[in-house]
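A short worksheet on the structure shown next.
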Protein chains: 2
Amino acid sequence: MSIDRPSTAPTLDEVAHAAGVSRSTASRAINGGDRVSPEAQAAVDAAVARLGYTPNRAARSLVTRRTGSVALVIPEPDGRVLADPFLAGTLRGVGHALDPTDLQLVLLIARPGEHAGRIARYLKGGHVDGAIIASHHQGDELENAILAARLPAVFIGRPAVEAESLVYVDVDNVAAARRATQRLVDAGRTRIATIAGPLDMSVGHDRLEGWRAALAHAGLAVNASADGDFTLTGVRSPCSGCSTTTPTSTRSSRPPTSWRRARCACSSLPGAACPGTCR
Amino acid sequence: MSIDRPSTAPTLDEVAHAAGVSRSTASRAINGGDRVSPEAQAAVDAAVARLGYTPNRAARSLVTRRTGSVALVIPEPDGRVLADPFLAGTLRGVGHALDPTDLQLVLLIARPGEHAGRIARYLKGGHVDGAIIASHHQGDELENAILAARLPAVFIGRPAVEAESLVYVDVDNVAAARRATQRLVDAGRTRIATIAGPLDMSVGHDRLEGWRAALAHAGLAVNASADGDFTLTGVRSPCSGCSTTTPTSTRSSRPPTSWRRARCACSSLPGAACPGTCR
DNA sequence: TTGTACGCGTTATCAA
DNA sequence: TTGATAACGCGTACAA
C-alpha cells in the first residue's frame, strides 16, 4: 500500500488504483483483456496511457518463466565477416520481425579465438526463449547446447550435426553450385575453378560438392579449387609457393579497389595442385 | 522447501541446500563473496559447479532494480549502412567489451520509414540499464529520451543536441577533413571537391566544415561538394541534369566491381553547381 | 560470520 | 466478471 514513490516507473498497483479496479483486473485488461468488462477495460486503458505504464519485464518473466528475449548467435571467430552484407541483412530481418513483438533481440558474438563454449553455456543458462544461429561452423558445439537445453532454435544454413529436432532454413547450395558450373560447361569452358566458402560451414561444403558434381558429370577435371572465407582479402591471400601479392592499399578497412591486379598463381588455373592453401 | 523439481534450472535454494548453508550465505558467496567463511565459500562454489547453477536474471533484476542489459541503438533508416565496416567494428567492440560482464547486448535497429519514436519509447521504458547510440541522426529524438529517462548513455559521434549531461566519443572530424584537404592544397591542387557524409549527422557536417575551412584558408573555390551517405551506391546516384549512369551489375547486393566506370558529370568537377543533389 | 524474514512487480489460482 | 492470495527466485536489512 505504498502510495508515494517519487520518480519511479509506475507499477501495476498504481494503474489499478488509478483505474479503480483490483490489480488482477488491471493485469487481465493489459494482457489480452479476457474476462474483463468493457468499462473496466476502458478505465485501465486510460490509466495506462495517463501514467505511461510499462510492465516490468523482470517481474513478468519471473512468473511466466519466459525471458522475453531471443538470441541472434554469430559464432564467427573472424571479425571481418561481420561486415558481410548477408549478415547485415539477416540482422535487419530479425530485428524487423521482432519489432511488433515485445521480444528483445540479444546479440551473441563469438570472441576472436574462442570456440563458442561461452555461447553454448549462455544458451543453456536459460537466458533466452529462443535462438537464431546465423553463421554456424562445424564443431562450435551449438547443436548439442540447443538440444540439451531443449531451446527453440533456427539455424540459418543447415547445421553440421543433423538431428530430427534441429530446424533450419537454407537454400539448395548443391544444386545452385551445380547449375552455376553447368552454365559454364554449357558455354564450352573446360577448365573451371571454384573459390570455395569455408569448408567447416555447410554452405561452403555444399557448393563445393555441387561444383564437383557438375564437373564430374561433364567429364571435366576436378582439380582447381581454393579455400575462401567469403571475404575479398581472404581470397587474395596467396598460398605458399605462389608468387606473393599484396593489395595496393593495405591501410584501409574497406577492400582495395585495385584488388583485381593482385593475382595468385593458383587463380591462373594451371590445373595443378599447389602446396599452400590451394588444393 | 520444494525438493523435487524435475528438469528445471537449479535455484539458489537448491545450491544452498546442497552446500549445507542458508540461502543468504549462498547468495553472498556467489556475489562478491564478502563476509563469508572460506569453507562456506568453497562449499557453495562446489555446489554451483556441480549443479550448473545460473542465477535467474529476472529474479535478480526484480530486487536489484537493474535489468542487466545495455542497448546498442542503430537509428539508421537506411538498411545499406548496416553493412558498413565501421558499424560492424562497433558491434564487435561493444560485444567484446560486454563479454566479461554478465550484461546482455540488446540490439535496437530502426525500421525503414520510422523516426525512432519507438526506440525512444523503449529507452524510456526502463528496459535497459544503459545505451550506446551508434548512428545518430539529427531529429531522432534520442537525446531527449535519454535525458528524460536519466539513462546512462554514450553517443558514438557528437550528438546533434548538445547538453551538459550528454556524453559522447568522437574524433575531431573538422580537423581531420581540414588536414586531408590541406594535403591536397599542399600538393598544388586548386579544384578540390568533397563527397560529404549525411549532413544530419555530425560526422558529415563536421567534415564538410573542415573541407570548407581549408579551402577558404587557401583562397580556393568552395563550390564542389556532393551529398553522400557513406555508401558506394549513394555516391554514384546521379543528380538530375547530369548524365544518367547505372552500375554494370545491379542484381548483386555487393557493390559492383566496375563502379569506377560509372561516372556522374558532377564528379568530373566542372566547378559549377548542378541542379540535382549536388550543391 | 550466519540465518530469518521481508519485499521486488507480476501472473495464476480459486472463491466469491 | 472480479478480487484476495499465493507463488516466482533473489538480495538484503536486521538480528543472532
Side-chain angles (χ1 to χ4, degrees), chain A residues 1-45 47-48 51-69 102 125-127 129, chain B residues 1-44 47-48 51-68 102 125-127 129:
Chain A
M1 189 62 78
S2 59
I3 288 294
D4 61 326
R5 187 178 304 132
S7 83
T8 309
T11 77
L12 185 57
D13 257 323
E14 298 170 8
V15 170
H17 190 264
V21 298
S22 77
R23 204 178 54 221
S24 314
T25 303
S27 175
R28 280 187 295 253
I30 287 169
N31 315 339
D34 205 24
R35 287 183 330 206
V36 47
S37 66
E39 45 269 21
Q41 180 75 54
V44 171
D45 286 347
V48 165
L51 270 52
Y53 169 75
T54 302
N56 183 312
R57 299 179 72 95
R60 176 178 278 179
S61 294
L62 195 52
V63 50
T64 61
R65 314 190 73 75
R66 283 179 296 135
T67 67
S69 58
D102 57 350
H127 299 296
D129 296 334
Chain B
M1 189 63 77
S2 61
I3 288 295
D4 62 323
R5 186 178 304 130
S7 83
T8 309
T11 77
L12 185 55
D13 258 323
E14 299 170 9
V15 171
H17 191 265
V21 299
S22 79
R23 209 181 54 220
S24 318
T25 303
S27 175
R28 280 186 295 252
I30 287 171
N31 315 340
D34 204 23
R35 288 185 326 209
V36 45
S37 66
E39 45 270 21
Q41 180 75 52
V44 171
V48 165
L51 269 52
Y53 169 74
T54 304
N56 183 313
R57 298 181 73 92
R60 176 177 275 180
S61 294
L62 196 52
V63 49
T64 61
R65 312 189 75 71
R66 283 180 295 133
T67 67
D102 57 350
H127 299 296
D129 296 335

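All values derive from a computational prediction rather than experimental measurement. Side chains are part of it too, since the values below use all heavy atoms of this structure and drop only hydrogens, waters and symmetry mates. Below, chain A is the first sequence line, B the second, and so on; all start at residue 1.
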Task: Whole-Å distance separating the CG atom of A/Asp34 from the P atom of D/dG3 - done: 16 Å
- [ ] Indicate yes or no: at least one non-hydrogen side-chain atom of A/Ile30 is less than 4.5 angstrom from one of A/Leu12.
- [x] yes
- [ ] In whole angstrom, give me the gap between the C1' atoms of D/dT12 and D/dA16.
- [x] 16 Å
Open item on the list: Side-chain N or O of A/Thr25 versus OP1/OP2 of D/dT1: is the shortest distance under 4.0 Å?
Closed with: no
Open item on the list: Expressed as a whole number of angstroms, how long is the span from B/Arg60:CZ to C/dG9:P?
Closed with: 18 Å
Open item on the list: Measuring to OP1 and OP2 of D/dA7, would you say a side-chain N or O of A/Arg65 lies under 4.0 angstrom away?
Closed with: no
TODO: Identify whether any heavy atom of B/Ala40 sits under 4.0 Å from a base atom; if not, whether one sits that close to sugar-phosphate; answer base, sugar-phosphate or nothing.
DONE: sugar-phosphate
TODO: Round to a whole Å and report the spacing from CZ of B/Arg66 to P of C/dC8.
DONE: 18 Å
TODO: Look at B/Arg35 and C/dT1 and indicate whether a side-chain polar atom (N or O) is within less than 4.0 Å of OP1 or OP2.
DONE: no
Task: Heavy-atom check, side chain of A/Arg60 versus side chain of A/Asp102, under 4.5 Å - done: yes
- [ ] Evaluate the side-chain proximity of B/Thr54 to A/His127: yes if any heavy-atom separation is below 4.5 Å, no if none is.
- [x] yes
TODO: Check if the side chain of B/Arg28 and the base of C/dG3 share a donor-acceptor pair of N or O atoms closer than 3.5 Å.
DONE: yes
Task: Distance, rounded to the nearest Å, where A/Ile30 contributes CD1 and C/dG9 contributes C1' - done: 12 Å
- [ ] Look up atom CZ in B/Arg65 and atom CG in A/Asn56, then write down how far apart they are to the nearest 0.5 Å.
- [x] 7.5 Å
Open item on the list: Rounded to whole Å, please give me the gap between CZ in A/Arg57 and P in C/dT10.
Closed with: 13 Å
Open item on the list: I need the OH-C1' distance between A/Tyr53 and C/dT11, as an integer number of Å.
Closed with: 10 Å
Open item on the list: Can you see if the side chain of B/Asn56 gets near the phosphate of D/dC8 - specifically, an N or O under 4.0 Å from OP1 or OP2?
Closed with: no
Task: Options C/dT10, C/dT2, D/dT12, nucleotide nearest the side-chain atoms of B/Ser27 - done: D/dT12
Task: Side-chain touch B/Glu14/B/Leu51, heavy atoms, less than 4.5 angstrom - done: yes
Open item on the list: Heavy atoms from C-beta onward define the side chain here; which of C/dT4, C/dT11, D/dG9 lies closest to that of B/Leu62?
Closed with: D/dG9
Task: Integer-rounded Å distance: D/dA13 P and B/Arg23 CZ - done: 15 Å
TODO: Classify the nucleic acid contact of B/Ser24 as base, sugar-phosphate or nothing, counting any heavy atom under 4.0 Å across all strands shown.
DONE: base
TODO: In whole angstrom, give the distance that lies between atom CG of B/Asp102 and atom C1' of D/dC10.
DONE: 14 Å
